[in-house]
Amino acid sequence: MADSDDKNKDKDDELAGTEQPFVQHLVELRDRLLYCVYGLVIAGILLSIWPGPGGLIDLIAMPIRAHMPPDAKLIAIGVFSPFFVPLKVLMMTAVLLALPWLMYQAWMFVAPGLYSHEKRFALPLIFFGSLLAYTGIGFVQFFVLDKMFSFIQKFTPAAVAATPDISSYVEAILSLYIAFGVAFQVPIVVMLLVRFEMVTIEKLKSFRGYFIVVAFIVAAVLTPPDVVSQLALAVPMCILYEVGIIGARYFAQSGKKPDEEADKENADSSASS
């Protein structure tokens, strides 16, 4: 009887004895931050080689240039804009390229404090979260910007030449990239809320109508004042909310402790008998 109690105690205290001094946590945090910096530097070097800062500017300028006269170009009003704007775009692109690596380093920092049943779904969430962020940014680049500028051009008077400043243009689209990249994390947030028992799937279903209102409010705040970009953000958020509810069912089951699963099986067998 005592042996079984000891086994249960060891099973419950999986993390017992793994505590580390505060200084060691700081050292681990420093190492992980250094790894993040190394990843960003490598990504920046690769992007500076190909396609280069100029190539990145040409890429992000494609949506608006498609709606400008053939010979028109974006202008640089600031004295240092031709230097700092491409550098800013290069840095932001390096962060996006190294995003899975950055998320992996964050997970490695907190992994020692997680149970084995919690570690099982951490890496899939990192992969899924990075994929959703890239999907949101790609959605902006190849769909939202084109439709948004097409909508705006319809209201531009014929006597007005639309030649945007490169600095303001980059700031506007980078804010859209961040907004869509973060908004597309809705399934991850939903699955984590269910996994850590902060909310139930039934509550999420009953909150569906309120979330639609919240999605449109968030879209109105984060996007420019045009219908196209607001709908382009709000509608995918509502769809991803449903995806999160579906995914939460799987992660809620796969992330359970082994003893919780055993207790559930014993309860089911007792009920059936």
Side-chain angles (χ1 to χ4, degrees), residues 30 32-106 129-130 132-153 156 160-185 218-219 221-226 228-230 232-233:
R30 180 204 63 185
R32 295 302 166 189
L33 290 176
L34 285 176
Y35 290 146
C36 291
V37 172
Y38 296 153
L40 290 174
V41 170
I42 293 174
I45 293 174
L46 293 176
L47 290 171
S48 62
I49 296 174
W50 187 88
L56 293 174
I57 291 292
D58 292 339
L59 177 63
I60 65 174
M62 287 174 56
I64 192 170
R65 292 198 64 184
H67 299 279
M68 295 172 62
D71 297 331
K73 295 181 179 180
L74 299 175
I75 62 174
I77 298 177
V79 176
F80 301 104
S81 295
F83 173 77
F84 284 113
V85 171
L87 183 62
K88 182 178 181 180
V89 172
L90 178 65
M91 294 173 59
M92 290 296 298
T93 310
V95 172
L96 294 176
L97 182 62
L99 182 60
W101 174 253
L102 301 179
M103 296 179 67
Y104 176 74
Q105 294 304 319
S130 301
L132 287 173
Y134 291 143
T135 302
I137 294 170
F139 185 63
V140 173
Q141 177 67 22
F142 299 106
F143 178 78
V144 176
L145 292 178
D146 179 69
K147 302 301 181 183
M148 183 179 70
F149 292 132
S150 176
F151 178 81
I152 293 175
Q153 285 294 333
T156 304
V160 176
T163 53
D165 172 44
I166 182 62
S167 180
S168 60
Y169 172 74
V170 168
E171 290 180 2
I173 65 170
L174 285 182
S175 63
L176 284 176
Y177 289 158
I178 295 173
F180 276 75
V182 174
F184 272 50
Q185 303 301 313
V218 171
V221 173
L222 297 181
T223 60
D226 65 280
V228 176
S229 57
Q230 292 178 7
L233 180 59

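It should be emphasised that the depicted structure is a prediction, and the values quoted were computed from it without experimental measurement.
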Heavy-atom closest pair (S81 atom, A76 atom, distance to 0.1 Å) is CB-CB, 4.0 Å
Quick one, L145 and V140 - any side-chain contact, counting heavy atoms below 4.5 Å? yes
Once rounded to the nearest 0.5 Å, what's the spacing between atom CD1 of I42 and atom CG of L47? 12.0 Å
Report the distance from atom CG of L56 to atom OG1 of T93, rounding to the nearest 0.5 Å. 4.5 Å
If you count the non-hydrogen atoms of other residues, nucleotides and ligands that lie under 6.0 Å from CZ in F139, is the total more than 12? yes
Between CG on residue D58 and CZ on residue R65, distance to nearest 0.5 Å: 7.0 Å
Can you tell me if Q185 uses its side chain to pair, donor with acceptor, with the backbone of L132 under 3.5 Å? no
Within this structure, what is the NE2-CG distance for the pair H67 and D146, rounded to the nearest 0.5 Å? 4.0 Å
Flag side-chain contact, heavy atom, 4.5 Å: V89 against I57: yes
Derivation and outcome, side-chain contact (heavy atoms from CB on, under 4.5 Å), residues T223 and F180: CA-CA 9 Å; T223 60; F180 276 75; 4.3 Å; yes
Interatomic distance, CG@L74 vs OG@S167, rounded to 0.5 Å, equals 11.0 Å
Quick one: closest heavy-atom pair of L233 and A179, and the distance? CD1-O, 4.5 Å
Of all the heavy-atom pairs spanning L176 and P224, show the shortest one and how long it is. CD2-CD, 3.6 Å
Qualifying residues under side chain to side chain donor-acceptor pair (under 3.5 Å), relative to D226, sequence neighbours excluded: S229
Under the ring-ring contact (aromatic ring centres under 6.0 Å, His included) test, which residues partner Y38, sequence neighbours left out? none
Report the C-alpha separation of I178 and M92 in whole Å, then their side-chain angles, then the decisive distance to 0.1 Å, and conclude whether the side-chain contact (heavy atoms from CB on, under 4.5 Å) test is met. CA-CA 10 Å; I178 295 173; M92 290 296 298; 4.1 Å; yes
Minimum heavy-atom separation for P53 and L90, please, with both atom names. CG-CD2, 4.4 Å
Could you label the plane-to-plane angle of the Y35 and W101 rings as parallel, tilted or perpendicular, counting under 30° as parallel and over 60° as perpendicular? perpendicular
Taking only residues two or more places apart in sequence or in another chain, which ones pass ring-ring contact (aromatic ring centres under 6.0 Å, His included) with Y134? none
Nearest 0.5 Å please: distance from the CE atom of M148 over to the CD1 atom of I64. 8.0 Å
Mark yes or no for whether S150, through its side chain, and K147, through its backbone, hold a donor-acceptor pair below 3.5 Å. no
For the student: nearest non-hydrogen atoms of L174 and K88, plus distance: CD1-CE, 3.9 Å
Angle class for the F84/F80 ring planes (parallel below 30°, perpendicular above 60°, tilted otherwise)? perpendicular
Distance-minimising heavy-atom pair for D165 and I77: OD1-N, 3.2 Å
